[in-house]
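Okay, structure first, notes after.
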Amino acid sequence: MIHLSAVRYSVVIPVYNEEEVIHETYGRLKNVMDSTGASYELLFVNDGSRDRTAELILGIGEKDPSVTLIQFSRNFGHQVAITAGMDYAKGEAVIVIDADLQDPPELMLEMIAKWKEGYDVVYAKRSERKGESLFKRQTASIFYRVLKRMTEIDIPLDTGDFRLLDRKVCDEMKRLPEKNRYVRGLVSWVGFRQTAVEYVRDERYAGESKYPLKKMLKLSMDGMTSFSSKPLKAAGIMGILIAAAGFIYLLVVLIEKWFTDVTVPGWSSLIALQILFSGCILMFLGVIGEYLGRIYDEVKQRPLYIVSAVYSKKPEDQQVLRR
Ligand code: UDP
Ligand code: MG
């Protein structure tokens, strides 16, 4: 497919209440992108910020036509914001980067170099994470490893969404309409030639993480449920094991009754087992519920996001678009 594009690089930056970092982030991104000597666009996707983030980006956009602001009508979440950025990006290569400078913009040059070597996806692998709590590092590490064991596709360990996608990968991503998105998994699923560059994840430049535990849990559940149906199967396997144990125990009880005179007092053990198994049943109902809820989200066919406005000095962008 011949692709005629006016821009070489699109940088997608999801922002949610990032007023403290916008200027610094813009400065660093601009420096790096200017040094490539090629044309580029900076696509800020404002994911329903309640602070001055939009205002600040608009101010920057007034002076710099490479800046585009995509406004969401409310907070739709990081993964959706990235998706919107990919939908709007026009570049031959699309780079997704966090706004808080935890992902060093300078690494984009290494990614671009790999892309020029012929790779279609260049993801950034964290060799070390600075300034994040032990809890966050540990839970993230465990999550990536569990997910790896549970899925058939190879999702690289310790990578976030900081990555470069070739135009053709980005176009394929647009064909994936699922609602509860785990973007890094989808990129692996799409395939093509993929490679990694390693980096040390810095501390956040300013402000606080916009990923509280609740959002982290949602993301990890999306990762699991989108790429594995093993949790559903686990219920079946556990059921078989418990039924088998129950059957053996039944035999034991019968043998005791017929051939010995042991009487079994056992109210408290009964209750304990009862609670244990009720707990297991509820847990697996919960697992089914997670999948069911996601199926429900798909069936409703709501758009993934709503863009309230696009601000850009490029004339073709001066309209309100919906997906
Ligand atoms: N973000 C977003 N929507 C959200 C939460 C976060 O667009 O609902 C953006 C945020 O502005 C940042 C990126 O996603 O650019 C990563 O968020 P953050 O740095 O807070 O996550 P962490 O690095 O702590 O995991
Ligand atoms: Mg961060």
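Since the structure is predicted, the reported quantities are computational estimates derived from the model, not experimental observations.
Under the 4.5 Å side-chain criterion, counting only non-hydrogen atoms from C-beta, M238 is in contact with C280. When side chains are defined from C-beta on, Y40 does not count as touching S10, because their heavy atoms never get closer than 4.5 Å. Side chains of I97 and L29 form a contact here, defined as non-hydrogen atoms less than 4.5 Å apart. At least one side-chain heavy atom of V187 sits less than 4.5 Å from a side-chain heavy atom of L165. Taking the side chain as every heavy atom from C-beta outward, I82 and V45 never approach each other to under 4.5 Å. Side-chain atoms of V67 and Y26, non-hydrogen and from C-beta on, do get closer than 4.5 Å to each other. Residues V121 and D166 fail the side-chain proximity criterion, which asks for heavy atoms closer than 4.5 Å. Between L285 and L282, some side-chain heavy-atom pair lies under the 4.5 Å cut-off.
At a cut-off of 3.5 Å, with distance as the only test, no side-chain donor of S188 or R184 sits close to an acceptor on the other residue. For the residue pair T83 and R181, a side-chain donor N or O sits within less than 3.5 Å of a side-chain acceptor on the partner. With hydrogens and angles left out, the side-chain atoms of E208 and N17 include no donor and acceptor closer than 3.5 Å.
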Derivation and outcome, side chain to side chain contact (heavy atoms under 4.5 Å, CB included), residues Q301 and K179: CA-CA 9 Å; Q301 299 246 332; K179 309 288 181 223; 5.6 Å; no
Steps toward ring-ring contact (aromatic ring centres under 6.0 Å, His included) verdict (F162, Y199): CA-CA 11 Å; F162 184 22; Y199 76 113; 5.7 Å; yes
Salt bridge (charged side-chain N to carboxylate O under 4.0 Å, His left out) between D64 and K30, worked out: CA-CA 10 Å; D64 183 349; K30 184 155 186 67; 3.1 Å; yes
Residue pair K168, F192: steps toward the side chain to side chain contact (heavy atoms under 4.5 Å, CB included) verdict: CA-CA 9 Å; K168 58 177 179 275; F192 293 101; 3.7 Å; yes
Chi angles and distances behind the side chain to side chain contact (heavy atoms under 4.5 Å, CB included) call for S35, L109: CA-CA 9 Å; S35 76; L109 295 176; 3.9 Å; yes
Trace of the side chain to side chain contact (heavy atoms under 4.5 Å, CB included) decision for T68 with L42: CA-CA 6 Å; T68 297; L42 301 178; over 6 Å; no
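Proximity of a side-chain donor or acceptor of T53 to a complementary backbone N or O of E18 within less than 3.5 Å is detected. Under the 3.5 Å distance criterion, the side-chain polar atoms of N75 are matched with a main-chain donor or acceptor of D47. Remark: side-chain polar atoms of S226 are not paired, donor with acceptor, to backbone N or O of G223 under 3.5 angstrom. Under a 3.5 Å cut-off, the side chain of S141 and the backbone N or O of R137 do not form any donor-acceptor pair. When atom types are taken as modelled, the side chain of D103 and the backbone of D98 share a donor-acceptor pair closer than 3.5 angstrom. Side-chain atoms of R302 do not come within 3.5 Å of backbone N or O of V299 as any donor-acceptor pair. The backbone N or O of R126 lies less than 3.5 Å from no partner atom in the side chain of E198, so there is not a single donor-acceptor pair. E24 places no side-chain N or O within 3.5 Å of a backbone atom of L101 that could act as its donor or acceptor partner. At least one donor-acceptor pair closer than 3.5 Å links the side chain of T25 to the backbone N or O of A99. Judged purely by atom type and a 3.5 angstrom limit, S228 has no side-chain atom pairing as donor or acceptor with the backbone of T225.
In this structure, the separation between NE2 on H23 and OH on Y205 is 11.0 Å, given to the nearest 0.5 Å. Atom NZ of K174 sits about 10.5 Å away from atom CE of M86, to the nearest 0.5 Å. To the nearest 0.5 Å, atoms CD (Q79) and CG (L186) are separated by 8.5 Å. Residue N46 holds its CG atom at 10.5 Å from CG of L56, rounded to the nearest 0.5 Å. The distance from atom CG of L176 to atom CG of L304, rounded to the nearest 0.5 Å, is 11.0 Å. With rounding to the nearest 0.5 angstrom, the CG atom of L251 is 4.5 Å from the CZ atom of F247.
Residue F143 qualifies as enclosed at atom CZ: its count of foreign heavy atoms under 6.0 Å is above 12. The number of heavy-atom neighbours closer than 6.0 Å to CZ of R145, taken from other residues, nucleotides and ligands shown, is above 12. Within a 6.0 Å radius of OH in Y296, no more than 12 heavy atoms belonging to other residues, nucleotides or ligands are found. Applying the 6.0 Å contact sphere to NZ of K63 captures no more than 12 heavy atoms from other residues, nucleotides or ligands.
Here R294 pairs with E290 in a salt bridge; the nearest charged N to carboxylate O distance falls below 4.0 Å. A salt bridge links R175 with E172: the closest approach of a Lys/Arg side-chain nitrogen to an acidic carboxylate oxygen falls below 4.0 angstrom. A salt bridge links E106 to R28: one of the charged nitrogens lies within less than 4.0 Å of a carboxylate oxygen. Residues D120 and R193 are not paired through a salt bridge, judged by the lack of any N-O separation under 4.0 Å between the basic side chain and the carboxylate. Under a 4.0 Å N-O distance rule, the pair R8/E92 qualifies as a salt bridge. For the pair D222 and K218, the salt-bridge criterion is met [side-chain N within less than 4.0 Å of a carboxylate O].
By the 30° and 60° cut-offs, the orientation of the rings of Y305 relative to F72 is parallel.
Under the 4.5 Å side-chain heavy-atom criterion for ILVMFWY residues, no single connected hydrophobic cluster contains both M221 and V183. Using a 4.5 Å cut-off between side-chain heavy atoms of Ile, Leu, Val, Met, Phe, Trp and Tyr, with links allowed through other members, V12 and V21 fall into different hydrophobic clusters. The hydrophobic clustering, which links ILVMFWY residues whose side-chain heavy atoms are closer than 4.5 Å, places Y123 and V200 apart. Cluster annotation: Y16 is not connected to V310 through the hydrophobic network of ILVMFWY side chains, with a link wherever side-chain heavy atoms come within less than 4.5 Å. Following chains of ILVMFWY side-chain contacts shorter than 4.5 Å, one can reach M216 starting from L147, so the two form part of one hydrophobic cluster.
Here the closest non-hydrogen pair linking V94 and C170 is CG2-SG, 3.8 Å. What you find for M111 and V122 is that their closest heavy atoms are O-CG2, 3.7 Å. Among all heavy-atom pairs drawn from A196 and K125, the shortest one is CB-CB, 4.4 Å. Closest approach of E41 and G91 over heavy atoms only: OE2-N, 3.9 Å.
Annotation: Y211 is in aromatic contact with H78 [ring centroid separation under 6.0 Å]. If you look at W115 and Y9, their ring centroids are closer than 6.0 Å.
A cation-pi arrangement is present between R74 and F76, with the terminal nitrogen or guanidinium carbon under 6.0 Å from the aromatic centre and inside a 45° cone about the axis.
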